[in-house]
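No hydrogens, no waters, no symmetry mates; every other heavy atom, side chains included, goes into these values.
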Amino acid sequence: MADRDPDDPTDPTDDFRRLTLPYRRELLVHCYRMLGSLHEAEDLLQETYLRAWRGFDRFEGRSSLRRWLYRIATNACLNALQARARRPLPAAVGAPGEDPTLPLDPPAPGATWLEPLPDDATDPAAIVAGRGSVRLAFIAALQHLTARQRAVLILREVLGWPADEVAALLQTSRPAVNSALQRARAQLAATRATEDEITEPDDPRARALLDRYVAAFVGADLDALARLLREDAILEMPPYAAWFAGRESVLRFLAAQCPGVGHMVRLRANGQPAVAVYSGGLAQSIHVLAVDRDVRLARITAFLDPALFPRFGLPRAMSAMNAMSAMNAMNTPFLNGLDAHGHESHQKVDPVAGAGRDLPHRA
């Protein structure tokens, strides 16, 4: 282990890198489950590898290298969570908005929200095998658990570790682990995070719904969007705390405050259908969709953060040609067919008619 640079734990000439690199992606997802943030997970992954590199000489092989790395990653996440606030989604914080036509309050300074996970952040096979363990509803539910409950649930339920190993990692007893697991399961049941009313993103019907969703937004067709939404559909828009529940409220918000989009790129995030939205040629938001068994949109989580685009391998700005196309789209009314109350109308809805209002960064 001599002559290594302590700041470069992934030296390509190092046996350490050869042996540990195959676990890098799954460890990233493990850290994401614990933290609810991809960029924080990446930081903790680097810390995990640095700690593992420094202790590699002392690894005696009493457990597999994979489990040894998971122990280091879990402890690193537990330490980090001592100084971090939980990362919820807006629907877990307050009541839904009552008037979708009113301007949204600005995001609270310093507020932290759950972040999406690109499906290509891990091996596709791993996503297919464990979509339920990375879906937004599950990751959001984990945020309601204490750090140790989170670790117990993930290690026991997701990774399948025996209770004795989890107890050894957490330096506690087997009964304490079992008790923490029971409390964690009860919390998840209360949030309905374990429900299986989700259509898989590779289901042809889900792909067709995603195509219709894109066409409805790009084509400024509110009627088409209304046909896709479940009656109790939810719209969230972090970093805004406001959210809306029910098809009518969602449609009224979109009709009143959201102009058209220029271009949408189909994605997958958290094992769910998703799209990246460009407006005026610039990155605007990532929409992650929850599609129920009846192939209706149950929830739209629109992450209004252009900084997320590079993590999905997308630019923050489009080409000049695409940007011009987007600008042309922005000059047309967005949602036609419903009035400001979500009822049928033969008049075009002009979302910028109330010029001067403090509108949100468009969903």
Side-chain angles (χ1 to χ4, degrees), residues 22-45 48 66 69-70 73-74 77 80-81 86-89 91-92 112-145 147 149-161 184-185 187-189 191-203 206-207 210 236 238 266-276 286-293 298-303 305 308 311-313:
Y23 306 111
R24 190 177 186 91
R25 288 184 173 182
E26 63 179 275
L27 288 168
L28 174 65
V29 177
H30 177 61
C31 293
Y32 170 77
R33 291 189 188 103
M34 289 288 295
L35 301 166
S37 163
L38 180 57
H39 83 265
E40 289 184 358
E42 290 170 338
D43 290 344
L44 268 294
L45 180 67
T48 294
R66 179 175 179 266
L69 291 170
Y70 268 97
T74 302
C77 289
L81 286 169
R86 68 187 182 99
R87 288 178 169 271
L89 286 173
T112 56
W113 300 99
L114 194 66
E115 296 176 355
L117 176 73
D119 272 17
D120 61 2
T122 187
D123 289 318
I127 285 291
V128 171
R131 282 197 181 112
S133 69
V134 294
R135 284 202 176 104
L136 277 179
F138 179 74
I139 303 300
L142 291 177
Q143 298 298 306
H144 295 276
L145 306 180
Q149 287 175 348
R150 220 178 286 184
V152 167
L153 184 78
I154 293 170
L155 293 170
R156 293 282 285 121
E157 301 280 273
V158 177
L159 300 176
W161 282 32
R185 285 172 173 168
Q187 180 63 52
L188 261 63
T191 61
R192 301 180 65 199
T194 57
E195 65 183 355
D196 58 356
E197 299 175 359
I198 298 296
T199 299
E200 297 295 345
D202 50 3
D203 185 315
R207 293 199 300 268
L210 184 61
E236 300 175 286
R266 294 163 180 80
L267 304 168
R268 289 187 184 182
N270 295 83
Q272 299 170 223
V275 290
I286 302 288
H287 294 197
V288 181
L289 312 179
V291 183
D292 70 12
R293 293 291 188 187
R299 184 183 297 256
I300 303 169
T301 306
F303 294 91
D305 183 1
L308 293 172
R311 298 182 181 278
F312 283 83

Worked verdict on Leu267 versus Asp119 for side chain to side chain contact (heavy atoms under 4.5 Å, CB included): CA-CA 8 Å; Leu267 304 168; Asp119 272 17; over 6 Å; no

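- Note that CG of Leu81 and CG of Leu145 are 11.0 Å apart. Values are rounded to the nearest 0.5 Å.
- Atom CG of Leu117 is separated from atom CG of Leu308 by 11.0 Å, given to the nearest 0.5 angstrom.
- Between the CG atom of Asp305 and the CD atom of Glu115 there is a distance of 7.0 Å, given to the nearest 0.5 Å.
- In terms of heavy-atom proximity, Gly271 sits nearest to Val134 at N-CG2, 4.2 Å.
- Using a 4.5 Å cut-off on side-chain heavy atoms (C-beta onward), Arg311 and His39 make contact.
- Taking both residues in full, the closest heavy atoms of Ala276 and Ile286 are given as CB-CD1, 3.7 Å, listed atom of the first, atom of the second, then distance.
- The two residues Arg86 and Gln143 come nearest to each other via the heavy atoms CD-O, 3.4 Å.
- To the nearest 0.5 Å, the span separating CG on Leu159 from OG1 on Thr74 amounts to 7.5 Å.
- Pairing each heavy atom of Leu44 with each of Cys77, the nearest pair is CD1-N, 4.0 Å.
- Remark: Glu40 engages Arg87 in a salt bridge, criterion side-chain N to carboxylate O under 4.0 Å.
- At least one side-chain heavy atom of Arg33 sits under 4.5 Å from a side-chain heavy atom of Ile139.
- With values rounded to the nearest 0.5 angstrom, Leu35 atom CG is found 9.0 Å from His30 atom NE2.
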From CA spacing to verdict: side chain to side chain contact (heavy atoms under 4.5 Å, CB included), Tyr70, Ile154: CA-CA 11 Å; Tyr70 268 97; Ile154 293 170; over 6 Å; no

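- Panel note: side chain Arg156, backbone Trp161; a donor-acceptor pair is recorded below 3.5 Å.
- Minimum heavy-atom separation, Leu69 to Tyr23: CD1-CD1, 3.7 Å.
- Contact check for Ser133 versus Val29: no side-chain heavy atoms found under the 4.5 Å cut-off.
- No side-chain heavy atom of Leu45 sits under 4.5 Å from any side-chain heavy atom of Tyr32.
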Test log, rule side chain to side chain contact (heavy atoms under 4.5 Å, CB included), inputs Leu153 and Leu188: CA-CA 10 Å; Leu153 184 78; Leu188 261 63; 3.6 Å; yes

From CA spacing to verdict: side chain to side chain contact (heavy atoms under 4.5 Å, CB included), Trp113, Thr301: CA-CA 12 Å; Trp113 300 99; Thr301 306; over 6 Å; no

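- Atom-to-atom distance recorded for Arg299:CZ and Leu89:CG is 7.0 Å, nearest 0.5 angstrom.
- For the residue pair Phe303 and Leu114, the shortest heavy atom distance occurs at CE2-O, 3.1 Å.
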